[in-house]
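Each remark here refers to the structure printed beneath this line.
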Amino acid sequence: MKPIKEGKVREVYDNGDSIIMVATDRISAFDVILKNKIVNKGAVLTQMSKFWFDLTKDIVPNHMLSTDVNDMPEFFRNDEYKGKSMMCKKLTMLPIECIVRGYITGSGWASYKENGTVCGIKLPAGLLESDKLPEPIYTPSTKAEIGDHDENISYERSIEVLEKEFPGHGEEYAKALRDNTIALYKKCADYALSKGIIIADTKFEFGLDENGNIVLADEMLTPDSSRFWPLEGYEAGHGQPSFDKQFVRDWLKANPESDYLLPQDVIDKTIDKYLEAYKLLTGKELEV
């Protein structure tokens, strides 16, 4: 079988009336696929998404059908795909990345320092780097092709983008995406906090099923799509240590001549962080 779509990290296979998403051990940063693989990273992404999909199906339905390769064609029943594969419903994907920020960091912090706003949303004066926001904010973006950068857009612009693709439904879909994104974030951020992890920000993607219902898709609250910080030692006023790709990003920034090739110790520390986050959140060791 050959993938019908290949992303920076994921491969998608057509399985007739469903698709099979495989989270590879590739890692990307700054929209570039790095030359190293991070063993077991794909399994962490798939199993963590499964955990969150199960936890939030009362808020919005999701696309997950099975993570058991025995439910999939024989091609997937081997060690290369075990633990990393998810059989999912086919959806018509909506062209918006649904980003939600509960804390001010990264590009949001840079923007706030400049003009007191994040993605055009005015925030209270006097916030420190990594501060918790009074309420989570929804900052959608357009989805870019591989190699391009996503573009932050306003909520109003998201209505226009959706209206263009789904005439008569722009406002309805935009509101549903925003409301579901905030509801998912609040529930999961509260849960994670009880396990010692701050979810600073994350992104969700949604699609439509055959009946036009909005369904949560892609990955969910993984270290690839989110910023996870340890609650222990959290203190606003500076950057935070993290359980995600920030470790890789920081190393790449400090080593611009690396040609996107990581040393072994950075690879080891990265997977250790992914595994630690998985264990804290799910309460169990990763099973592959």
Side-chain angles (χ1 to χ4, degrees), residues 44-64 67 86 96-109 112 118-119 121 123-124 126-141 155 174-206 214-246 273-286:
V44 172
L45 299 187
T46 299
Q47 300 307 319
M48 199 176 277
S49 290
K50 177 186 187 306
F51 171 79
W52 292 117
F53 283 146
D54 284 336
L55 188 75
T56 57
K57 55 181 184 249
D58 60 323
I59 295 176
V60 61
N62 61 68
H63 71 165
M64 179 175 68
T67 55
M86 183 180 288
I96 299 289
E97 292 220 325
C98 300
I99 298 163
V100 55
R101 305 167 192 259
Y103 293 73
I104 189 160
T105 184
S107 61
W109 171 241
Y112 176 79
V118 174
C119 300
I121 298 169
L123 293 177
L127 292 176
L128 302 174
E129 183 178 6
S130 307
D131 247 339
K132 185 176 185 182
L133 297 173
E135 274 294 312
I137 58 172
Y138 175 62
T139 59
S141 78
Y155 172 69
K175 182 178 185 304
L177 294 187
R178 180 192 63 194
D179 294 352
N180 280 317
T181 294
I182 298 286
L184 288 166
Y185 174 77
K186 283 184 169 177
K187 175 169 184 172
C188 297
D190 285 351
Y191 170 85
L193 210 54
S194 75
K195 302 297 182 183
I197 289 182
I198 292 168
I199 302 174
D201 52 40
T202 192
K203 67 174 181 181
F204 302 116
E205 294 194 36
F206 297 87
I214 286 183
V215 177
L216 180 59
D218 200 57
E219 64 182 313
M220 182 177 184
L221 286 162
T222 70
D224 267 20
S225 66
S226 322
R227 277 192 181 92
F228 291 158
W229 298 338
L231 177 59
E232 190 179 341
Y234 164 73
E235 174 189 60
H238 53 81
Q240 308 297 312
S242 67
F243 289 103
D244 53 40
K245 288 195 294 192
Q246 199 57 44
K273 283 288 169 202
Y274 276 57
L275 290 168
E276 187 184 349
Y278 179 83
K279 186 174 181 185
L280 280 171
L281 288 166
T282 67
K284 57 187 184 184
E285 303 282 352
L286 182 72

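Basis for what follows: all heavy atoms, side chains included, without hydrogens, waters or symmetry-related copies.
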Smallest separation among heavy atoms of [X] and [Y], with atom names:
X    : Y    : answer
F53  : N62  : O-ND2, 3.1 Å
P61  : I214 : CG-O, 3.8 Å
Q240 : G233 : OE1-O, 4.4 Å
A192 : L281 : CB-CD2, 3.7 Å
Y138 : L177 : OH-CB, 3.8 Å
L45  : Y274 : CD2-CE2, 4.0 Å

To the nearest 0.5 Å, tell me how far [X] [atom1] sits from [Y] [atom2].
X    : Y    : atom1 : atom2 : value
L216 : F204 : CG    : CZ    : 7.0 Å
T139 : I99  : OG1   : CD1   : 5.0 Å
S242 : I197 : OG    : CD1   : 11.0 Å
E97  : K203 : CD    : NZ    : 4.0 Å
I96  : Y155 : CD1   : OH    : 11.0 Å
T105 : E129 : OG1   : CD    : 5.5 Å

Discussion item. Between D201 and Y185, do the side chains contain a donor N or O and an acceptor N or O under 3.5 Å apart?
Written reply: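 Short answer, no.
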Worksheet item: Which residue, V215, D179, N180, T181, forms the side chain to side chain contact (heavy atoms under 4.5 Å, CB included) with V60?
Response: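 Among the candidates, only N180 passes.
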Item to complete: Evaluate salt bridge (charged side-chain N to carboxylate O under 4.0 Å, His left out) for K273 paired with E276, printing each intermediate quantity in order.
Response: CA-CA 5 Å; K273 283 288 169 202; E276 187 184 349; 3.6 Å; yes
Side chain to side chain, [X] and [Y], heavy atoms closer than 4.5 Å:
X    : Y    : value
T46  : K50  : no
E205 : S225 : no
K187 : D58  : yes

Worksheet item: Do side-chain atoms of S226 reach the backbone of F228 as a donor and acceptor pair under 3.5 angstrom?
Response: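 Between the backbone of F228 and the side chain of S226 there is no qualifying donor-acceptor contact (under 3.5 Å).
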Practice prompt. Using modelled atom types only, decide if a donor and an acceptor are shared between the side chain of S130 and the backbone of G237 within a distance under 3.5 Å.
Written response: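 Between the backbone of G237 and the side chain of S130 there is no qualifying donor-acceptor contact (under 3.5 Å).
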